Amino acid sequence: MRGKRKRRFRDKQRKSIYILPNLFTAASLFCGFYAIISAMGERFEAAAIAIFLSGILDGLDGRVARLTRSSSQFGVEFDSLSDLVAFGVAPALLAFQWALAPFGRLGWLAAFMFVVCGALRLARFNVQKSVEDPSYFKGLPIPAAACFIASLVLFVSFVEGDLETRSLPILVMIYLLSFFMVSTIPYYSFKKLDIKNFKPFNVLVSIILVALVIAYKPMVMLFLIMLLYIASGPAVTFYRLYRRSPFGRKAVDASGTPETKRLSEKEDPEPAETH
């Protein structure tokens, strides 16, 4: 009887819907929906800020679920649907209303390409997350792609540049972001970044310095941070390809030759004379 009760209790736990993490997911979805409404009303800065808020809430819902041990299959599916709206539809519509509308069909095709590649990226992540290396994402995460578009909108509004001269680069950028999402380019996930193991004083100073740098000119610094993260994936890929190429192997062998000789001399000393 006790075994049956435990099984029933476990089944109920698996089928249950936890309130707290799903509230964060719903708040993230709300910010994404608000970004869509703002983009349709040509309030582009408000839409960009809403996408950033959605990204913060999306990062919190997973951490809250792990801390409270309240993760469920329902929460996983709800989070994916929320991400598609907040980080797929919202930034695509923002980019179209902001810069891609003059291109006509080519512009809305670029926006649709971003949405469909984001959906494919989410589907692949849900299927392969149990076999992937937790230290790296395979392909650009869709929240990072969305936040990059939002940071670009804020950056251009800050520098007050002429948007018409930047429309073509933005069109190319949307296609590049779509390609990065469905590619196998590795991006650091920060999942193994354990703050608890760091020294509290060093962590506190680092957080304060990062906050001060961002607070100095937030629209500029957020754009630079997102740009560095976007570029980090191709940089890591090219570095790995170089290491595997004949030129990279020669460089490694040349740098490791003296050390290898010293180790071999220590491990294999000359045999002593026998009498």
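No experiment lies behind these values; they were computed from the predicted model shown. Side chains are part of it too, since the values below use all heavy atoms of this structure and drop only hydrogens, waters and symmetry mates.
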Give the C-alpha distance, both sets of side-chain angles, the deciding distance and a yes or no for side chain to side chain contact (heavy atoms under 4.5 Å, CB included) between F78 and L29. CA-CA 10 Å; F78 185 33; L29 180 60; 4.3 Å; yes
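Between M181 and F114 there is a side-chain heavy-atom pair separated by less than 4.5 Å. Counting only heavy atoms from C-beta outward, the side chains of I170 and W98 approach each other to under 4.5 Å. Residues F87 and R121 fail the side-chain proximity criterion, which asks for heavy atoms closer than 4.5 Å. Contact annotation: the side chain of L168 approaches that of L171 to within less than 4.5 Å [non-hydrogen atoms, C-beta and beyond]. At a threshold of 4.5 Å between non-hydrogen side-chain atoms, the residues L212 and Y216 do not count as touching. Side-chain contact check for F158 versus K217: some heavy-atom pair is nearer than 4.5 Å. Side-chain contact check for T184 versus T237: every heavy-atom pair is 4.5 Å or farther apart.
The CG atom of L84 sits 6.5 Å away from atom CG of L122, with the distance rounded to the nearest 0.5 Å. Taken to the nearest 0.5 Å, the CG atom of L176 stands 8.5 Å off from the OG atom of S178. For the atom pair NZ of K138 and CD of Q128, the computed distance is 4.5 Å after rounding to the nearest 0.5 Å. Note: L222 CG to L227 CG = 12.5 Å, rounded to the nearest 0.5 Å.
Partners of P234 by side-chain contact (heavy atoms from CB on, under 4.5 Å), not counting sequence neighbours, listed by chain and number: F180, I185, Y187, F238. Under the ring-ring contact (aromatic ring centres under 6.0 Å, His included) criterion, F103 pairs with no residue at all, not counting sequence neighbours. For Y136, the side-chain contact (heavy atoms from CB on, under 4.5 Å) test picks out D133, P186, Y188, R240, with sequence neighbours left out.
The hydrophobic cluster containing V236 does not contain V182, counting ILVMFWY residues as joined when their side-chain heavy atoms lie under 4.5 angstrom apart, directly or transitively.
Around the CE atom of M173, the shell of radius 6.0 Å holds more than 12 heavy atoms that belong to other residues, nucleotides or ligands. More than 12 heavy atoms of other residues, nucleotides or ligands shown are found within 6.0 angstrom of OH on Y175. Heavy-atom neighbours of Y229 OH from other residues, nucleotides or ligands within 6.0 Å: above the threshold of 12.
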Show me, pair by pair, the donor-acceptor contacts under 3.5 angstrom made by side chains of residues 32-41, not counting sequence neighbours?
| from | atom 1 | to | atom 2 | distance (Å) |
| --- | --- | --- | --- | --- |
| Y34 | OH | R43 | NH1 | 3.3 |
| S38 | OG | Y34 | O | 2.9 |

Could you list the donor-acceptor pairs under 3.5 angstrom formed between side-chain atoms of residues 149-156 and any protein atom two or more places apart in sequence or on another chain?
| from | atom 1 | to | atom 2 | distance (Å) |
| --- | --- | --- | --- | --- |
| S151 | OG | C147 | O | 3.3 |
| S151 | OG | F148 | O | 2.7 |

Which pairs would a plain distance check flag for residues 47-62, meaning a side-chain donor or acceptor within less than 3.5 Å of a matching protein atom at least two apart in sequence or in another chain?
| from | atom 1 | to | atom 2 | distance (Å) |
| --- | --- | --- | --- | --- |
| S54 | OG | S28 | O | 3.0 |
| S54 | OG | S28 | OG | 2.8 |
| D61 | OD2 | T25 | OG1 | 2.9 |

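Contact record, N22 with G75: OD1-CA, 3.6 Å, taken as the closest heavy-atom pair. In plain terms, the two heavy atoms of F96 and A111 that are nearest each other are CB-CB, 4.2 Å.
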